[in-house]
Amino acid sequence: MDSVHNLRARPDLSLPGLITAAVVVALFCVDAVHAGPRRRNSDGPQLAVTESTEFEVTLSVQAGKAPTFQVYAAQTSEGDVYVVELPGLAVANVPLPTSGPGVLLRGARIEAGPRGSADRVILRFADDVDFDATTDKGTLLVRFRHTGDRATLLAGHEEWLKAEAARRQEEAELARASTERLAEEKRLAEPPAPVAVAVAVAVPPDVSAVASPAPVVDEAKETSEQRVIEEKRVAEEKRAAAAAQARGVAEAKRLAQEQRVVEAQRAADEKRLAEQRRVAEEKRLADEKRAAAAKRLAEEKQAAQEKRAADQKRIAEEKRITQEQKVAEAQRLAEEKRLAQEKRAAEKKRLAEEKRLAQEQQLAEQQRLADEKRLAQEKRIADEKHAVEEKRLAEEHRIVEEKRAADEKRLAEQKRVDEEKAVAELKEREAAARAASEREAQRRSEEAQRRANDDVRRRAAEAARKEQERLDAARGKRSAPAPEQEAEAQRVKERRLEQERLERERAEQEQRQKQEAETKVRADEERRVQEEKRPPKAEEAGFGGASAAHRSIEISRPHRFQRYQPPKEDEDDFGGSSSDSDDDVVDESSGRSVLSQVTVQRTSAGARVGVHVDGGARYLVTRRGKDKVVLTLFDTRVDELDVRRTLDARALGTAVLRVMPTVEEDGHFRVQLVVETRGQSAVKIDQDDQILWLEIAG
């Protein structure tokens, strides 16, 4: 029972000892908790804060990928700080090493964000800073640069070092005083020497042992051994008590140190708050000073801007006036150009109207013949469906060709004879005209000679009469003319007037005859030229049937396609240009040509697009992008609905996909065929007697 009591009374198992053990275990647990995340985050993001000698603080964040971040200034109990939030990164338990002189940077720590917000890094600086940020792969660099006065920063750093030294000294004194106070309190609370030892020594021996005198020596020996054991136990208990007392003193010192640290921290916090209030007041005054300077600069800038705006307004007004003058001049020139263009357009319109009126009858006849020809062609195509009929038609065609060759030869001979006859007749007419001219010249010369003789005689008679009158006046015997002389003079005058009238009538008749002869010569020449231009036709292919006694007469013009480049609409032809002639400008007001067929055929080299235009047309081929070719037909209209529809040729498997027609019939007649191709293909233009072909490779 004594041993058990002594174990329970040991000083190392007292309440302070248990508290000390609990504190040690708690410290080990806290250290384990803090050490755990660091081991878990060894492969996670890494942070570091570095301050250079140029007072530039750099926060480096390294992660697996470029982190998302946000930097802003905030006010806390410590003063103005900069907060760097890192959404998506768990950095609350990541160490934050700092390096550098520590002049600009006053503190750096990591805070875990509130529930639902990101972890953040809080940086506290000694003076005003500005920041910028860059990312490179998985690295984020946030740089803070000092923006204030360097001398002020260094002076503030010296004062801060002195304040920190004083604060640390005060904290050390407070810790020492607290340790001494705790040691004194523990000494006063220390219990006296263990009573169990004294009780154990003072216990008398067992009474039963006294009654037996035999084993006295053994009992003395056992007593001495027990005493030795008891002394050893007491010494051990003393050592344990001394160790417990030493631990208590150490715990008291630690508690005193913690108290001093707490007191020093409190005093430092109060001092820091006072310093922060002073710094805040100085910052407020500096901000007010900067605000006043900024306001003054803003007023100066506003005045400069107002002056610059006034100058710009004046320059803009001058520019506007100059622009208005230019616009007025341009309008005047445009009006002059418009009037000139209207005059030319009116003249062109008048000429086009005259030309249209002259061509209407011919176009009507051409349309009738074209319809008859189309009907004949459709009938021939229908007849070609039968094989027997094809063979018979081929034989007849051969016979017709042979006969046509003979007829062509005969017609060529007849034409040569007609030409020789026409030349002979022309020569005869020219000789007759020359003879008539010579006779007329001879008659005129004789008439002129006669008139000259009459004039000589009349002048001689007049001179004689005047001489006679002069002589009579000189003699004073001037008398009235005899009635016979007056009648003779009147008859001479009437004969002269009649002769002059006859001569005028003769001259007018001769002039009319000459004009009629010239008109006839020109008509014969034009008829001969037309006959030369008219192609010969076989007799059996004559109008109204296949009789050999008839001849076929081609009235419509042959199909002829001519490439044409229209003048640009923005060309300035003020003062006249070559585009005023009919050869350079196409009159598209009548639509003399008619697009009757559009076809797409597969060839060995690709495909070809053909157009059949009755009467031929002027055309232009251009590209639109890489996959479109545009064929423009000028002065051309479309009378059939099928030609106006899109022709889909994709089933042929060639470079040509579709042919899309666009018809203009409002201000002028014009047809555009947009050929859509597979990519960019080479285009070659070819034509025969009937169709214009666009050869498209691919």
Side-chain angles (χ1 to χ4, degrees), residues 38 41 44-63 65-113 117-165 167-168 268-269 271-273 275-284 286-287 290:
R38 283 196 295 270
N41 292 336
Q46 298 180 3
L47 285 75
V49 180
T50 306
E51 180 179 349
S52 66
T53 57
E54 297 297 328
F55 307 127
E56 179 178 318
V57 177
T58 303
L59 170 62
S60 173
V61 181
Q62 293 184 356
K65 60 180 181 179
T68 305
F69 67 95
Q70 183 178 5
V71 184
Y72 59 89
Q75 288 186 352
T76 61
S77 60
E78 301 175 356
D80 294 338
V81 297
Y82 276 87
V83 179
V84 182
E85 289 188 356
L86 301 171
L89 291 180
V91 297
N93 298 320
V94 176
L96 182 64
T98 59
S99 60
V103 177
L104 181 61
L105 181 65
R106 290 293 174 84
R109 70 177 188 275
I110 298 176
E111 270 189 7
S117 61
D119 295 345
R120 61 194 66 183
V121 179
I122 298 178
L123 303 175
R124 184 165 54 88
F125 299 97
D127 203 352
D128 295 337
V129 295
D130 192 6
F131 70 91
D132 61 355
T134 59
T135 58
D136 184 11
K137 296 181 179 180
T139 303
L140 167 64
L141 298 177
V142 184
R143 297 181 178 87
F144 297 88
R145 295 183 177 84
H146 180 229
T147 59
D149 184 36
R150 179 173 293 189
T152 304
L153 177 63
L154 293 175
H157 181 63
E158 294 294 334
E159 294 178 0
W160 180 77
L161 290 177
K162 293 178 181 178
E164 282 293 314
R167 183 179 63 80
R168 290 174 182 172
D269 291 339
K271 187 175 181 181
R272 185 169 62 255
L273 290 175
E275 181 67 20
Q276 288 178 356
R277 285 193 292 270
R278 183 184 63 78
V279 171
E281 184 66 21
E282 292 178 355
K283 186 176 181 181
R284 184 181 63 79
D287 291 340
R290 282 196 299 272

Distance in Å, [X] [atom1] paired with [Y] [atom2], rounded so as to fall on 0.5 Å steps:
X      : Y      : atom1 : atom2 : answer
Asp130 : Arg145 : CG    : CZ    : 8.0 Å
Arg124 : Asp80  : CZ    : CG    : 11.0 Å
Asp128 : Asp149 : CG    : CG    : 11.5 Å
Thr98  : Leu47  : OG1   : CG    : 12.0 Å
Gln46  : Thr139 : CD    : OG1   : 10.0 Å
Glu158 : Leu153 : CD    : CG    : 10.5 Å

### Set of side chain to side chain donor-acceptor pair (under 3.5 Å) partners for His146, sequence neighbours left out
Asp127
### Query
Of all residues at least two apart in sequence or in a different chain, which pass the side chain to side chain donor-acceptor pair (under 3.5 Å) check with Arg120?
none
#### Entry: Check against side-chain contact (heavy atoms from CB on, under 4.5 Å), Val121 and Phe69
CA-CA 11 Å; Val121 179; Phe69 67 95; over 6 Å; no
Heavy-atom pair of closest approach, residues [X] and [Y]:
X      : Y      : value
Leu140 : Ala133 : CD1-CB, 4.5 Å
Ala112 : Asp119 : CA-OD1, 3.6 Å
Pro45  : Ala90  : CG-O, 4.1 Å
Leu96  : Ala48  : CD1-N, 4.1 Å
Ala92  : Ile110 : CA-CG2, 3.8 Å
Thr147 : Val129 : OG1-N, 3.7 Å

### Task
Examine distances only and state if a side-chain atom of Tyr82 and a backbone atom of Phe131 form a donor-acceptor pair shorter than 3.5 Å.
no
### Query
When you measure from the side chain of Glu51 to the backbone N and O of Gly102, does any donor-acceptor pair fall under 3.5 Å?
yes
### Message
Take a 6.0 Å sphere around CD of Glu282 and say whether it holds more than 12 heavy atoms from other residues, nucleotides or ligands.
### Response
yes
#### Entry: All pairs passing side chain to side chain donor-acceptor pair (under 3.5 Å) where residues 100-113 contributes a residue, at least two apart
Glu78-Arg109, Arg109-Glu111
### Query
Is it true that Glu164 and Arg167 have a side-chain N and a carboxylate O under 4.0 angstrom from each other?
yes
### Side-chain touch Leu89/Val61, heavy atoms, less than 4.5 angstrom
yes
### Task
Please tell me if the side chains of Phe144 and Val84 come closer than 4.5 Å, counting only heavy atoms from C-beta onward.
yes
